[in-house]
Trainee: 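Sharing a structure with you now.
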Amino acid sequence: QVQLVESGGGLVQAGGSLRLSCAASIRITSMTYMAWHRQAPGKQRELVASITGSGRTNYADSMKDRVTISRENDKNTVNLEMTGLKPEDTAIYYCCLSIYGRQYWGQGTQVTVSP
């Protein structure tokens with residue numbers, strides 16, 4: 001069973017920054033696709049950023065100038081650096097790992113941005 005543990009969420013003022021990390025219980029390889037999604041209250045879960053095994057990244061339009069996704073294969077970790085946070089970024093942020101046609105999710109970490 002693959003486990004993903006997110007960390008780094010919290011309360012931050014508008015304009016602030018946060019770094020989220022997701023540690024996987026399996027070795028991250030070039031076959032592993034990883035992503036961050038978020039779900040705000042009353043809204044559907046949406047993609048924030050993704051990174052392929054080869055390092056190709058993709059960002060949601062709403063955040064692409066304010067976030068950077070990266071992976072540390074030697075630590076089996078994927079990170080999400082967020083800057084210029086806005087109150088509308090308040091959500092639970094989930095880490096997602098896809099490998100060999102299967103998808104795994106973390107429990108999520110709360111990010112709250114105050115005005």
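The analysis underlying the following values was restricted to heavy atoms, covering all of them including side chains, and did not include hydrogens, waters or symmetry mates.
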Trainee: Is there any salt bridge (Lys or Arg N to Asp or Glu O under 4.0 Å) pair reaching into residues 106-115, and which pairs are they, with sequence neighbours excluded?
Mentor: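 Not a single pair qualifies under salt bridge (Lys or Arg N to Asp or Glu O under 4.0 Å).
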
Trainee: When clusters are formed by joining ILVMFWY residues with side-chain heavy atoms under 4.5 Å apart, either directly or through shared neighbours, do Val111 and Ile92 land in the same one?
Mentor: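 Different clusters: Val111 never reaches Ile92 through Ile, Leu, Val, Met, Phe, Trp or Tyr contacts under 4.5 Å.
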
Trainee: Enumerate the residue pairs fulfilling disulfide bond (SG atoms under 2.5 Å apart) with a member in residues 41-112, sequence neighbours excluded, ordered by first and then second residue.
Mentor: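 Listed once each, the pairs are Cys22-Cys95.
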
Trainee: Side chains of Met34 and Ile28: closer than 4.5 Å at any heavy-atom pair?
Mentor: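 Result yes, sub-4.5 Å side-chain heavy-atom pair found.
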
Trainee: Is there a side-chain contact between Leu18 and Leu85 in this structure, where contact means two heavy atoms from C-beta onward sitting under 4.5 Å apart?
Mentor: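 Sidechains of Leu85 and Leu18: in contact.
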
Trainee: Tell me, which pairs form a salt bridge (Lys or Arg N to Asp or Glu O under 4.0 Å) where one or both residues lie in residues 104-115, sequence neighbours left out?
Mentor: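 Every candidate salt bridge (Lys or Arg N to Asp or Glu O under 4.0 Å) pair involving residues 104-115 fails, so no pair, neighbours aside, qualifies.
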
Trainee: Tell me the closest heavy-atom pair linking Ile26 and Asn76, and the distance in Å.
Mentor: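 Closest heavy-atom pair between Ile26 and Asn76: O-CG, 3.3 Å.
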
Trainee: For Glu6, run the side chain to side chain contact (heavy atoms under 4.5 Å, CB included) check against Trp105, Trp36, Tyr93 and tell me which one passes.
Mentor: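 The single option meeting the side chain to side chain contact (heavy atoms under 4.5 Å, CB included) with Glu6 is Trp36.
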
Trainee: Could you tell me which residues satisfy salt bridge (Lys or Arg N to Asp or Glu O under 4.0 Å) with Asp61, sequence neighbours excluded, listed by chain and number?
Mentor: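 Partners of Asp61 under the salt bridge (Lys or Arg N to Asp or Glu O under 4.0 Å) test: Lys64.
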
Trainee: Determine the sole option in Leu20, Asn58, Leu80 for which the side chain to side chain contact (heavy atoms under 4.5 Å, CB included) test with Val48 is passed.
Mentor: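 When side chain to side chain contact (heavy atoms under 4.5 Å, CB included) is applied between Val48 and each of Leu20, Asn58, Leu80, only Leu80 qualifies.
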
Trainee: Going by side chain to side chain donor-acceptor pair (under 3.5 Å), name the pairs with one or both residues in residues 7-26, residues two or more places apart or in two chains.
Mentor: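 Counting only pairs at least two positions apart or across chains, the side chain to side chain donor-acceptor pair (under 3.5 Å) contacts touching residues 7-26 are Arg19-Glu81, Ser21-Asn79.
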
Trainee: Would you say CD of Gln110 has more than 12 non-hydrogen atoms from neighbouring residues, nucleotides or ligands within 6.0 angstrom?
Mentor: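 Enclosed: over 12 neighbouring heavy atoms sit under 6.0 Å from CD of Gln110.
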
Trainee: Listing request: all salt bridge (Lys or Arg N to Asp or Glu O under 4.0 Å) pairs with a residue in residues 42-56, at least two apart in sequence or in separate chains.
Mentor: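 For residues 42-56, and leaving out neighbouring residues, the salt bridge (Lys or Arg N to Asp or Glu O under 4.0 Å) pairs sorted by first residue read Arg38-Glu46.
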
